[in-house]
Amino acid sequence: MNSTKLVIQQNNELREELNEENKAYYEEMLVYMRVRSWLKDEEKVEEVLMQVLQDMVSAQEESIPAEKYFGKNPQTYANQILSNLERNWVDHLQLVFSIVGFTLVLSILNNIITMATGLNLVTVLSRSFLIYVAVFAVFKWIEMDSFTNTSSKWKDFLFMVIILSVFVLGMIVETMLPYQLFINIPITVSWGILILCLIGAIWKFFVLSKEERKAWVFPLLFLVGASCIGLINYL
């Protein structure tokens, strides 16, 4: 377990010592800071969150509510902390490459199922860009929705409609692009790439903690299920 995961685990354990009011206050700040700091150094952000939690626990032991200790506007306090942290472009590039890799694997999986050999790199890049925009939009939405103390199903529904509309519009535009770049990938090569991805995904799943595995269950089942469909078609 790396140092960042260890800090997160310690945070989860120490957070249970907070009373209901302080815990709600802290968790709202925690979600906001993690989302707001997606281009910051994750390890430093978690260390700051841990320090805030320790201060809150100490204040609670002295019967000082979190709102009185940190102020009635935790968003301002969180922004002040985050403004002192530098951006981490390495993690950002890792996110970009992960999205491109994910889109590439989906395209290869689609080729296996449809028995196609052509791969349009322009389509891969354009869809990667759409996914990146969607990820950015989700983070901004969560950030804007923090500290509001209100929840609207219509507002959430509207957000989903906007995201889907962007995807549909983007896929329409990509068919109209004047430049396309096709490469030929034999089915056997596609299968080789997919098998390597399956081995990597399964290995990653089992090295994660039980809590982290929950987020990987659906993607892994989807990948295995789609691979089975491709295998049936191939045979």
Side-chain angles (χ1 to χ4, degrees), residues 1-88 91-92 94-95 98 131-164 166 208-219:
M1 182 180 294
N2 60 38
S3 57
T4 302
K5 292 182 179 179
L6 180 60
V7 173
I8 292 174
Q9 180 179 327
Q10 292 172 343
N11 187 303
N12 294 337
E13 294 171 356
L14 184 59
R15 200 156 68 241
E16 296 303 316
E17 296 185 16
L18 295 174
N19 59 41
E20 186 175 342
E21 181 182 351
N22 287 347
K23 188 176 183 180
Y25 182 100
Y26 177 77
E27 288 182 344
E28 191 79 10
M29 183 187 295
L30 179 143
V31 171
Y32 176 80
M33 289 183 65
R34 283 179 177 171
V35 171
R36 184 77 170 77
S37 63
W38 72 300
L39 293 180
K40 306 283 188 179
D41 189 307
E42 183 185 11
E43 183 175 356
K44 292 181 179 178
V45 172
E46 292 301 329
E47 288 174 353
V48 169
L49 283 169
M50 189 64 179
Q51 183 61 55
V52 171
L53 178 57
Q54 291 171 341
D55 291 344
M56 190 175 291
V57 171
S58 298
Q60 180 176 278
E61 291 174 352
E62 298 178 10
S63 300
I64 303 175
E67 188 173 301
K68 183 177 180 181
Y69 189 84
F70 292 100
K72 294 184 178 181
N73 192 346
Q75 183 174 1
T76 301
Y77 179 78
N79 287 335
Q80 289 176 348
I81 295 175
L82 293 174
S83 64
N84 295 322
L85 298 178
E86 296 181 358
R87 291 183 180 273
N88 186 351
D91 285 351
H92 188 209
Q94 287 179 348
L95 173 64
S98 296
I131 294 174
Y132 178 86
V133 170
V135 170
F136 179 79
V138 169
F139 275 102
K140 292 299 292 184
W141 180 261
I142 297 174
E143 177 188 331
M144 292 169 59
D145 200 47
S146 299
F147 307 112
T148 59
N149 297 321
T150 58
S151 179
S152 172
K153 292 183 179 180
W154 282 108
K155 189 169 64 173
D156 295 341
F157 175 75
L158 178 61
F159 174 72
M160 292 303 300
V161 169
I162 293 173
I163 291 294
L164 289 174
V166 170
L208 293 173
S209 65
K210 291 182 179 180
E211 287 298 320
E212 291 174 316
R213 287 179 187 175
K214 294 178 181 178
W216 279 72
V217 171
F218 178 75

Point to revise | From CD (Gln9) to CG (Leu14), nearest 0.5 Å | key: 12.5 Å

Review point. Is the number of heavy atoms from other residues, nucleotides or ligands under 6.0 Å of Lys23 NZ greater than 12?
Key: yes

**Study point:** Heavy-atom neighbours of Gln10 CD exceed 12 at 6.0 Å
**Key:** yes

Revision key, fill the gap. Output for pair (Leu53 CG, Leu18 CG), nearest 0.5 Å, gives 5.5 Å

Point to revise | Sub-4.5 Å side-chain heavy-atom contact between Glu27 and Val31 | key: no

Check your understanding: Residues in ring-ring contact (aromatic ring centres under 6.0 Å, His included) with Tyr77, at least two apart?
Key -> Phe70

Point to revise | Salt-bridge contact Arg34-Glu42 (side-chain N to carboxylate O under 4.0 Å) | key: no

Review point. Atom CG of Asn84 and atom CD of Gln80: how far apart are they, to the nearest 0.5 Å?
Key: 8.5 Å

**Study point:** salt bridge (Lys or Arg N to Asp or Glu O under 4.0 Å) involving Glu61 - partner list, sequence neighbours excluded
**Key:** none

Practice item. State the CG-CD distance between Asn22 and Gln60, to the nearest 0.5 angstrom. Key: 5.0 Å

**Study point:** Euclidean distance, Leu49 CG relative to Ile81 CD1, rounded to 0.5 Å
**Key:** 8.0 Å

Practice item. Measure the CD-CG distance between Glu43 and Leu6 for me, rounded to the nearest 0.5 Å. Key: 10.0 Å

**Study point:** Worked verdict on Tyr26 versus Asn11 for side chain to side chain contact (heavy atoms under 4.5 Å, CB included)
**Key:** CA-CA 11 Å; Tyr26 177 77; Asn11 187 303; 2.8 Å; yes

